[in-house]
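Notes to accompany the following structure.
Because the structure is a prediction, the values reported are computed rather than measured. Numbered from 1 within each chain, the chains take letters A, B, ... in sequence-line order.
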2 protein chains.
Amino acid sequence: MRKPGQKKGSAALSRPRAPKGEKVPVAEADPAPPSQVAPAANKVVTITDVAQRAGVGESTVSRVLRNKGSVSQSARHKILKAAADLNYVPNRIAGTLASMSSRLIGIVVPSVGNTVVPEVLAGVNTVLEAAGFQPVIGVSNYDSLREEALIESILSWRPAGILVAGLEHTDRARAMLKGCGVRVVELLDIDGEGIDIVVGSSHRMAGRKSAEHLLAHNYRNIGYVGHDVRVDIRAGKRLEGFRAVMHENGLNFVDEEFHPSMASSVEAGRIGLARLLKRQSGLDAIYFSNDDLALGGYFHCLEHDISVPRDLALFGYNGLEITRLTPQPLSTIRTPRIAMGKVGANLLLSGGPSTVVDVGFELVVGATT
Amino acid sequence: MRKPGQKKGSAALSRPRAPKGEKVPVAEADPAPPSQVAPAANKVVTITDVAQRAGVGESTVSRVLRNKGSVSQSARHKILKAAADLNYVPNRIAGTLASMSSRLIGIVVPSVGNTVVPEVLAGVNTVLEAAGFQPVIGVSNYDSLREEALIESILSWRPAGILVAGLEHTDRARAMLKGCGVRVVELLDIDGEGIDIVVGSSHRMAGRKSAEHLLAHNYRNIGYVGHDVRVDIRAGKRLEGFRAVMHENGLNFVDEEFHPSMASSVEAGRIGLARLLKRQSGLDAIYFSNDDLALGGYFHCLEHDISVPRDLALFGYNGLEITRLTPQPLSTIRTPRIAMGKVGANLLLSGGPSTVVDVGFELVVGATT
DNA sequence: CTGAAAGCGCTAACAG
DNA sequence: CTGTTAGCGCTTTCAG
């Protein structure tokens with residue numbers, strides 16, 4: 001049996017006594033008779049304490065604190081005062097368990113490398129916060145097994161909903177998502193079979209449009225510079241779409257350079273383009289897996305006096321802020337990331353039916369094509 | 001009294017029945033006598049179910065699932081099998097309440113705009129994940145009142161620890177952090193009074209070193225281009241340090257341009273430098289509030305054929321990856337962000353005494369000074 | 001409008 | 001090694 005009255009705080013991580021500077025006289029710290037009552041130190045305030053101090057029942061306190069049910073003004077006042085005096089912080093863990101409904105929202109993203117994921121998260125967060133939900137985040141590092149583990153872990157917090165990136169998951173992850181009983185939103189991509197709510201844009205189509213743009217501008221000797229497309233599935237879909245259009249026009253990439261980095265990076269683009277140009281001449285345009293890489297390629301051109309787009313055209317993906325601020329704005333495809341996050345979060349909370357929302361994209365003709 | 005057996009899932013956000021495509025015959029959906037038993041649909045599996053199916057007691061199941069205490073191989077086997085069969089996902093909300101120790105870690109950051117915060121978070125996350133903790137995140141948008149609210153909200157989840165950015169908080173926020181009974185880590189800055197554990201570097205000193213560097217290279221007519229320094233307190237400290245060195249050498253900024261954006265941005269740097277150069281001639285160096293701005297300034301120079309550093313030297317802060325990949329690498333100060341996150345998280349979990357850790361910084365001499 | 005009481009699902013003694 | 005039993009702090013009937 002647990003000894004009542006001997007309440008302890010969080011065992012492992014509770015603050016050690018007397019942090020730097022605060023002297024606590026060893027002998028006479030506690031004026032109460034020692035070994036009789038446990039020292040009241042750090043006792044966590046509960047709703048019971050508030051109720052007692054206000055002289056009301058616990059349920060009334062609960063009602064006031066959650067603005068639910070009707071309570072007399074006098075009681076409300078006393079309770080609010082008591083809570084403030086006691087510095088009461090409600091315990092949502094207990095609240096969640098009792099009410100069987102949480103204000104936690106799970107989020108699983110592949111990385112926080114470039115700014116695209118943070119931007120989506122910012123959009124999501126705006127909505128969640130306004131609605132009083134708290135995000136619980138996991139980063140999978142583009143590893144689907146890690147994603148699976150994260151999903152399980154997050155689900156164990158019984159969130160009110162969950163957002164994940166992309167449509168590709170392990171079978172077990174899909175099963176868990178399907179069976180967990182809460183709404184799930186898959187963000188960023190719509191090319192594939194979704195689980196519940198899907199909000200994103202078509203990467204296949206983005207790749208196609210990119211190719212059509214370059215072909216329309218009479219580029220024919222096109223190279224590809226990308227990062228690991230096995231890992232970044234959406235980049236792979238863009239490449240696929242691009243390639244399809246090339247084939248439909250009887251063309252092929254002159255050459256392709258895959259940097260083995262899992263995450264995209266400016267450096268990968270810089271190195272990748274340098275390598276490609278070393279072994280191929282006659283290229284007139286490069287399609288990059290995204291703006292990070294394209295930026296690296298652009299820097300390479302600047303440094304080596306390769307005239308863009310006369311000598312070489314460059315095309316990226318994402319429409320990052322920076323791409324329109326370089327000396328020559330980069331040609332790219334811009335996606336509404338903040339909006340995507342907001343739409344996803346709203347749909348998650350709104351309780352509507354399963355849907356697929358295509359937020360679309362915009363081809364931005366910069367000065368590099 | 002709550003009717004037993006009529007367990008319901010999360011009310012608000014539970015998945016609606018029959019999502020797209022799955023036809024559910026209205027009349028004969030449930031073969032059981034209607035209005036007698038509640039449909040067993042979606043019943044959430046609990047530890048009791050697992051125990052029953054495995055033919056053991058609940059506590060034994062708990063022991064197996066948490067690898068605690070000793071259990072016979074046969075029992076362990078049966079339990080694991082039962083759990084898998086039932087697709088059991090433990091309820092950590094209940095576990096946390098019962099054990100009074102959570103595996104949640106609160107994190108409050110000012111923004112997710114540029115990559116510095118995500119990088120710190122990546123470091124933090126590496127450690128947390130390895131130790132089985134889950135981050136609960138809040139974004140304050142550089143608003144201290146919002147930060148206060150977020151801290152309160154996050155504390156209500158009774159996290160095992162909390163990480164916040166910077167040392168400046170509202171009085172109430174400090175009080176809550178001090179009184180919450182768990183370890184708190186303040187990241188990014190060490191110039192000031194900390195609450196418990198402080199991990200960061202001195203921005204004042206970074207500003208000083210930057211000034212010393214420029215002065216040592218004989219720049220004397222120095223301008224400042226920054227974003228809102230009232231809001232980004234750490235940028236303000238750098239400016240202060242820089243200015244102090246100038247004064248000690250009988251100098252002053254020739255002119256200062258503050259872009260009213262709260263968050264830093266490449267655009268602010270571009271516009272800010274353009275404005276500054278329009279009203280001042282004879283400047284030989286610019287100190288930027290950080291690399292985002294410096295990058296924008298650099299792009300402005302590239303576009304307007306301002307020779308760097310001959311006509312104008314540029315100096316930033318952060319040491320973002322991209323600053324060493326531009327045609328001329330930018331001169332800047334690099335901070336160990338990933339390491340900072342790791343150290344902070346480790347200290348948080350390790351349970352040591354309150355400390356201040358200066359992770360230092362490195363002045364990177366690029367090609368722009 | 002208010003209080004009493006029964007759990008939410010799990011963990012932690014304790015006694016086998 | 002294992003089952004029983006009290007709670008964790010809060011919400012939610014239900015009966016005043």
Within the distance-only criterion (no hydrogens, no angle test), does the side chain of [X] pair as donor or acceptor with the backbone N or O of [Y] below 3.5 angstrom?
X	Y	value
Asp49(A)	Thr46(A)	yes
Ser144(A)	Glu147(A)	no
Arg103(B)	Ala131(B)	yes

field: Contacts of Glu168(A) that satisfy salt bridge (Lys or Arg N to Asp or Glu O under 4.0 Å) - sequence neighbours left out
entry: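 In terms of salt bridge (Lys or Arg N to Asp or Glu O under 4.0 Å), with neighbours along the sequence ignored, Glu168(A) is linked to Lys237(A).
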Counting only side-chain N and O atoms of [X], is one of them less than 4.0 Å from OP1 or OP2 of [N]?
X	N	answer
Arg66(B)	dA12(C)	yes
Ser72(A)	dC1(C)	no
Ser62(B)	dT11(C)	yes
Tyr88(A)	dC10(D)	yes

How would you label the contact of Ser59(A) with the nucleic acid (heavy atoms, under 4.0 Å): base, sugar-phosphate, or nothing?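 It contacts base atoms.
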- [ ] Could you tell me whether the side chain of Leu187(A) reaches within less than 4.5 Å of the side chain of Val120(A), counting heavy atoms only?
- [x]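 Yes - at least one pair of side-chain heavy atoms lies under 4.5 Å apart.
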task = Compare the minimum distances between each of dC10(D), dC10(C), dG3(D) and the side chain of Glu58(B), then state the nucleotide with the smallest one.
result =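 Looking only at heavy atoms from C-beta outward on Glu58(B), the closest nucleotide is dC10(C).
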Margin query: Can you tell me whether the side chain of Arg63(B) and the base of dG3(D) have a donor-acceptor pair closer than 3.5 Å?
Written below: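 In this structure, the two groups form a donor-acceptor pair.
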Exercise. Round to a whole Å and report the spacing from CD1 of Ile79(B) to P of dC10(C).
Key: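 Distance, rounded to whole Å: 13 Å.
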Taken to the nearest whole Å, CD1/Ile93(B) to C1'/dT11(D) is 14 Å
Computed from five pairs at either end and rounded to 10 degrees, the angle between the axes of the helix from dC1(C)-dG16(D) to dG16(C)-dC1(D) is 30°
Please determine whether side chain to side chain contact (heavy atoms under 4.5 Å, CB included) holds for the pair Ile151(B) and Leu177(B), giving the CA-CA distance in whole Å, both sets of side-chain angles, and the decisive distance to 0.1 Å. CA-CA 8 Å; Ile151(B) 289 173; Leu177(B) 255 14; 3.5 Å; yes
By nearest-nucleotide position on DNA chain C, the 5'-leaning member of Ala75(A) and Ile47(B) is Ala75(A)
